[in-house]
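Reckoned from all heavy atoms, side chains included, excluding hydrogens, waters and symmetry mates. Nothing fancy with the numbering, it's 1 onward along the sequence.
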Amino acid sequence: SGSGGAEVTIIDAAGIGGSVVTCSGGEGPDTVLSGFTITGGTGTLIGTRRYGGGMYNSGSIATVIRCTFRGNTAYAGGGMLNSNSSPTVSDCTFSLNTADYGGGIMNTNSRPTLASCTFHANAGGDGCDAACVVEDGFACAGAPSVCSANCGDGRVDGMEACDDGANRDGDGCSAACAIEPGFTCT
């Protein structure tokens, strides 16, 4: 917990490289990040791309309270990337984060719980354009809405590694739009 709150307790990863905070070891809801500004992150390197500039969650259900995610960048999830994770995020601010996909937050196979969070001036093809209109290649559902790429539409969007439009396994691009073992896509 940050003493004095996010305004004065800053974790700055500028020049270090990588995600500022990583939860990838099965952290539960009793793992709490509270009262910090998370800034300067560039994401966790997976293959040739970086994910989760501010925070990278993989297989985690951590709790994040009263944090500010500002000025982070990544290929996906500038502020936060959730992969197979369901964190609880409350009273947080996401601003000035950038990514090709999900400037503020990017979710893949994840169901985060968001409460009283503010999103401002994040940039990224996250499925919702600046006018809050659903972008081509994405579908959004639920409240708050969670946007995800339309796997099987023949376009590589969001976190899809491939999309051959076939929507079946065994042809190099799985039904979940992931490259299958033994195949290389160009």
Side-chain angles (χ1 to χ4, degrees), residues 1-47 49-128 132 140-149 158-159:
S1 182
S3 178
E7 298 81 27
V8 297
T9 311
I10 300 169
I11 304 173
D12 189 346
I16 296 172
S19 298
V20 181
V21 177
T22 300
C23 290
S24 62
E27 293 81 2
D30 56 337
T31 299
V32 179
L33 181 68
S34 177
F36 291 97
T37 291
I38 309 298
T39 190
T42 58
T44 297
L45 184 64
I46 300 173
R49 296 185 172 151
R50 293 189 173 271
Y51 299 88
M55 185 170 189
Y56 175 78
N57 293 310
S58 179
S60 168
I61 53 174
T63 302
V64 184
I65 306 167
R66 292 180 305 280
C67 288
T68 297
F69 292 82
R70 179 178 53 236
N72 299 288
T73 186
Y75 169 72
M80 178 185 291
L81 184 286
N82 298 309
S83 175
N84 300 306
S85 296
S86 297
T88 297
V89 182
S90 60
D91 299 308
C92 291
T93 300
F94 293 81
S95 66
L96 303 172
N97 299 291
T98 60
D100 290 346
Y101 300 100
I105 295 179
M106 181 70 181
N107 300 303
T108 179
N109 299 320
S110 297
R111 293 191 162 260
T113 299
L114 302 175
S116 301
C117 291
T118 302
F119 293 83
H120 174 72
N122 297 291
D126 57 4
C128 182
C132 290
C140 302
S145 67
V146 176
C147 297
S148 59
M159 294 293 294

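Atom-to-atom distance recorded for R111:CZ and I61:CD1 is 15.0 Å, nearest 0.5 angstrom. For the atom pair OH (Y56) and OG (S24), the distance works out to 7.0 Å, reported to the nearest 0.5 Å. The CD atom of E27 lies 8.5 Å from the OG atom of S85; values are rounded to the nearest 0.5 Å. Rounded to the nearest 0.5 Å, atoms OH (Y75) and OH (Y51) are 5.5 Å apart.
Under the 4.5 Å side-chain criterion, counting only non-hydrogen atoms from C-beta, L114 is not in contact with S90. D30 places none of its side-chain heavy atoms less than 4.5 Å from the side chain of V32. The shortest side-chain heavy-atom distance between M80 and V89 falls under the 4.5 Å cut-off. Contact of the C92 side chain with the V64 side chain is registered, since non-hydrogen atoms from C-beta on lie closer than 4.5 Å. A 4.5 Å side-chain heavy-atom check between S83 and N57 finds every atom pair outside the cut-off. Using a 4.5 Å cut-off on side-chain heavy atoms (C-beta onward), M55 and L33 make contact. Side chains of F119 and T93 form no contact here, defined as non-hydrogen atoms less than 4.5 Å apart. A heavy-atom distance below 4.5 Å is found between the side chains of V21 and I38.
N97 contributes no side-chain N or O that, together with a main-chain N or O of G104, makes up a donor-acceptor pair within less than 3.5 Å. Between the side chain of T31 and the main chain of P29, no donor-acceptor pair closer than 3.5 Å is present. Within the 3.5 Å criterion, the main-chain N or O of S58 finds no donor-acceptor partner in the side chain of N84.
Between the side chains of T98 and T73, at least one donor N or O lies within less than 3.5 Å of an accepting N or O.
Heavy-atom minimum distance, R50 versus A74: O-CB, 3.5 Å. In plain terms, the two heavy atoms of G78 and A99 that are nearest each other are N-CB, 3.5 Å.
For the side chain to side chain contact (heavy atoms under 4.5 Å, CB included) test with I11, the passing option among T39, V20, T37 is V20; the others fail. Each of L81, L45, T44, N72 was compared with S19 under the side chain to side chain contact (heavy atoms under 4.5 Å, CB included) criterion, and only T44 meets it.
Taking the six-membered ring where tryptophan is involved, the planes of F94 and F69 are essentially parallel, since the angle between them stays under 30° and well short of 60°.
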